[in-house]
Amino acid sequence: MPPKLCALCEAAKATLRRPKTGQQICRECFFFVFETEIHHTITEAKLFKPGDRVAIGASGGKDSTVLAYVMKTLNERYQYGLELFLLSIDEGITGYRDDSLETVKRNQQQYGMPLKILSYDELYGWTMDSIVAQVGRKNNCTFCGVFRRQALDRGAATLGVDHIVTGHNADDIAETVLMNIMRGDIARLGRCTAICTEGEDTIKRSKPFKYAYEKEIVMYAYFKKLDYFSTECIYSPDAYRGHARAFLKDLEAARPSAIIDIIHSGEAFEVKDEVKASQRVQRTCQRCGYMSSNPLCKACTLLEGLERGSAESGLTDRARKKLEAEGPAPDNVRTIPFFNKPVTGNPRVSIAVEIPPGQ
Amino acid sequence: MASCGNPDVEADASMTKRPKYDRNKTCVKCKLQTGNIVIRHAVYCKDCFFPLMSLRFRRTLEPHINPNPQQHRRKGLKASGNLLIGLSGGLGSSVLLDLIQKTYLSPRERQQGDQNPNGITCPWSKIFVVYVDISGIMIGAPDKSSPVEQFVKRHSTTMEYIRVKLEDAFDQTRSPGLRKILLKVLSSSTCSPLVSLKTYIESLPTQTAISSAIQALIRVLLLHTAALTHSSHLLLGTSLTSLSISLISSISQGGGYSIREETQEEWTYRNQDNIEQIVRVIRPLCDVGMKECAFWAWWCGLKVVGKHRYSGGRQDIGALTRDFIMGLEKDYPSTVSTIARTCNKLTTKGGTSMKCLICQRPAQSGTQDWKQNISIRSYSDINPEDVPPGHVNLASRASDDLPPSNPHSIASSMCYACHTSWTSKSIRGRITKQTDIPLPVWLKISSSISEERRQITMESMRNTIDDFLLDSDS
Ligand SMILES: [Zn+2]
Ligand SMILES: [Zn+2]
Ligand SMILES: [Zn+2]
Ligand SMILES: [Zn+2]
């Protein structure tokens with residue numbers, strides 16, 4: 001039997017079956033379609049304009065490692081004219097972050113991108129290790145998620161960037177659509193398929209990997225010999241999400257397009273106007289200035305709970321009321337430094353970043 | 001993404017396991033009798049269960065009986081046409097038929113579960129029950145049409161039983177009604193309807209596509225039967241549980257644009273006098289769980305026949321979703337109602353531009369371009385500024401490029417989900433290159449049902465379908 005030819009170029013020998021389409025194609029064509037689809041995603045959504053300062057949320061895991069590589073490649077190939085930065089958050093999990101931060105530091109050198117590492121410890125006075133020591137392993141992902149989101153914004157503000165790109169891939173987004181439907185989170189369902197989110201007070205965030213399959217990201221890293229670390233959290237995530245993830249994997253096995261199809265579904269519907277009207281309006285946290293739908297933002301609420309030894313109060317309304325009944329927060333609790341809304345129009349603030357050697 | 005996946009996790013949204021049973025064993029309604037059934041964390045006794053079930057059924061159905069929903073229901077319920085009940089033989093539709101009978105047809109005979117104290121007159125002048133027999137494509141499955149017919153006859157002498165076979169979708173002689181409603185047939189098939197049906201099904205690329213094609217055929221046959229019987233209402237026995245399953249299954253197959261139609265829809269057609277008619281498709285049990293239906297059937301002594309369900313097992317998204325939701329419901333009993341409630345808060349983006357030729361549901365335009373941008377399947381799909389790899393010579397390939405897709409082709413008249421069904425392959429690839437695929441009758445007629453009134457020639461259909469079935473791997 002003659003060797004099977006690549007379904008795309010019909011010239012080279014097919015060496016892989018594309019997870020997204022099932023086509024048997026050659027390696028060069030795989031690089032091309034993978035990169036070009038991301039380029040299409042970026043240009044369709046008009047994510048950037050020349051001169052933009054863009055921070056890549058880098059964890060040292062597969063998604064952000066490949067994202068940094070592809071952003072650099074596309075920026076050069078299609079002359080986006082972007083100034084790229086690496087922004088890393090150190091959650092303070094012993095033995096988990098240390099290795100992956102090494103990857104980020106190596107990327108900094110390979111790609112000549114300035115790197116900023118911001119730790120939970122310096123921002124909140126708590127590491128994930130110390131949080132888990134207090135709250136146990138039940139709700140730690142809530143803390144981690146809320147703290148990471150705010151930390152990224154704050155890190156970006158120090159870097160003076162216009163935009164943060166994160167490595168959320170198609171699998172993540174499809175899973176989030178399913179999760180939000182199953183737990184009735186209508187507010188998030190409305191925005192989880194948006195490629196770009198920009199609040200009044202937050203820095204623009206987008207997901208160039210929105211339509212990129214996790215399996216293809218892994219395949220790309222493998223062929224390009226990009227090394228990365230497993231960033232699967234050692235503090236186990238919630239079981240309910242685990243069910244949704246397993247279900248999604250089954251769907252993908254039955255029909256690979258399922259991941260894209262779920263995202264397409266998510267993009268086709270929106271929250272009814274009358275439901276939107278009943279949702280709470282955004283304002284800013286009175287303690288730290290970050291966006292919030294309550295007087296105190298989620299991070300401040302969680303942090304106060306930790307500081308006052310009642311972690312539950314950040315998680316349930318009932319526990320929160322109980323804490324409030326005990327009176328206002330004492331002066332000696334640590335709080336998050338005030339968040340100054342980044343002024344649009346790009347103030348070139350001086351920033352403390354590590355400049356790669358030789359620059 | 002890293003670690004716990006989503007940085008958007010928040011406490012209020014995380015799901016905690018709840019106890020399945022409440023402590024209190026006394027009925028929450030009468031507060032006297034010992035409870036017999038737990039419904040959404042509340043305990044009810046048998047006596048209070050029937051009125052509760054009846055109430056939910058009527059609350060869902062009755063606002064939609066009068067042609068004008070604003071018309072006050074106290075002035076009486078009067079439908080503009082007949083009633084068609086879709087009976088699958090399964091639990092939900094059997095309970096539905098029982099509820100219709102007890103609520104509207106036998107007000108004077110007081111029986112268990114009867115909730116017609118005021119002696120409501122039946123809002124429909126005639127009631128038909130249709131059973132779509134799919135045994136033709138179920139290998140070794142018995143024909144259930146006679147037990148189903150007996151079930152109907154046992155229940156009511158006034159309801160008229162109609163049996164439709166799945167292959168009737170391919171029968172041009174046995175569907176004079178289709179022609180009456182949908183004008184002329186453009187082509188004649190030489191095969192028997194059953195052979196045509198089987199060929200059609202075998203041409204589909206995945207188990208998921210087969211399942212959803214069968215669902216779509218059943219749906220359109222039901223709609224046409226509603227038109228034939230001059231019914232203004234088509235009622236289906238979808239329970240809350242099955243509704244949640246079909247919502248998630250539809251979303252997983254790209255059907256997000258028709259999410260509202262999963263719960264309720266209106267289908268418009270023109271009758272032989274070219275007057276626009278509407279069939280309301282209502283699922284009166286969509287607020288009642290499968291468990292409640294089972295209790296109703298058990299306590300009322302319904303002899304549920306059971307339905308044929310095509311299942312492609314682990315390769316079938318519909319079947320996977322069913323297993324997933326049923327499994328979740330055990331540990332997280334509120335999941336099913338949360339899914340339905342959440343989807344009820346959604347609407348579709350933008351106006352409806354057309355009706356899908358296959359499933360007859362609203363469809364977006366431009367989905368082909370969307371797909372091409374996101375999944376490049378050919379160098380002919382790339383944009384002029386894209387930089388292809390060095391080994392690819394686009395110039396030499398120009399000749400074997402497919403002709404630009406015809407904007408009037410059937411593909412552009414399909415919704416995203418149906419298009420995906422026809423084209424999306426599984427990794428295992430069960431592709432057979434077919435040149436002559438039979439189509440359901442309603443695809444062979446000039447699209448008088450399409451809102452855009454596009455004339456679609458048989459030839460252009462065949463050409464486009466041929467493209468779908470080309471296995472680019474081989
Ligand atoms: Zn190739
Ligand atoms: Zn705050
Ligand atoms: Zn009672
Ligand atoms: Zn369709």
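Please read all numbers here as calculations on a predicted model, not as lab measurements. Convention: sequence-line order gives letters A, B, ...; per-chain numbering from 1.
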If you count heavy-atom pairs within less than 4.5 Å of chain B, which of [options] leads?
options: A/Tyr211, A/Phe34, A/Phe147, A/Tyr213; answer: A/Tyr211
options: A/Ile38, A/Ile259, A/Val33, A/Ile181; answer: A/Ile181
options: A/Asp250, A/Thr36, A/Ile173; answer: A/Asp250

Query raised in the report: Does a side chain donor of either B/Asp316 or B/Ser211 reach within less than 3.5 Å of an acceptor in the other side chain?
Result: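 Side-chain D/A pair, B/Asp316 to B/Ser211: present.
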
Query raised in the report: Under 3.5 Å, is there a donor-acceptor pair linking the side chains of B/Asp331 and A/His243?
Result: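 No, no side-chain donor-acceptor contact under 3.5 Å.
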
What part of [X] gets within 4.5 angstrom of chain A, counting heavy atoms only: side chain, backbone, both, or neither?
X: B/Ser421; result: both
X: B/Gln364; result: side chain
X: B/Ile248; result: side chain
X: B/Ile259; result: side chain
X: B/Arg341; result: neither
X: B/Ile325; result: neither
X: B/Thr367; result: side chain

Query - Aromatic plane relationship, B/Trp370 with A/His264 - under 30° parallel, 30 to 60° tilted, over 60° perpendicular - result: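 Plane angle over 60°, so perpendicular.
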
Query raised in the report: Among B/Ile317, B/Thr420, B/Ile374, which residue forms the greatest number of heavy-atom pairs with chain A at distances under 4.5 Å?
Result: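 Maximum pair count with chain A is reached by B/Ile374.
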
**Report entry** Among B/Thr342, B/Val336, B/Thr208, residue most engaged with chain A (heavy-atom pairs, under 4.5 Å)
**Finding:**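 Top count of heavy-atom pairs under 4.5 Å with chain A: B/Thr342.
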
Query raised in the report: Any side-chain heavy atom of B/Ser212 sitting closer than 4.5 Å to one from B/Gln253?
Result: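 Answer yes - side chains close enough.
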
Requested in this report: Answer whether the closest heavy-atom distance between the side chains of A/Lys4 and A/Lys13 falls below 4.5 Å.
Outcome: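 No. Closest side-chain heavy atoms not under 4.5 Å.
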
Query raised in the report: Cation over ring, B/Lys371 on B/Tyr416, under 6.0 Å and within 45°?
Result: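 So B/Lys371 does make the cation-pi contact.
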
Requested in this report: Give the C-alpha distance, both sets of side-chain angles, the deciding distance and a yes or no for ring-ring contact (aromatic ring centres under 6.0 Å, His included) between A/His168 and A/Phe209.
Outcome: CA-CA 6 Å; A/His168 289 95; A/Phe209 280 179; over 10 Å; no

Go through the atoms of [X] and report whether side chain, backbone, both or neither lie under 4.5 Å from a heavy atom of chain B.
X: A/Cys26; result: side chain
X: A/Glu267; result: both
X: A/Leu189; result: side chain
X: A/Thr41; result: neither

Query raised in the report: Would B/Arg314 and A/Glu252 pass as an ion pair if we require N to O under 4.0 Å?
Result: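 Result for this pair is no, no salt bridge flagged.
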
Query raised in the report: How close do A/Cys9 and B/Tyr379 get, heavy atom to heavy atom, and via which atoms?
Result: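 Minimum heavy-atom contact is N-CE1, 3.8 Å.
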
Query raised in the report: Please walk me through it: do A/Glu270 and A/Arg191 pass salt bridge (charged side-chain N to carboxylate O under 4.0 Å, His left out)?
Result: CA-CA 9 Å; A/Glu270 63 184 348; A/Arg191 57 185 140 92; over 6 Å; no

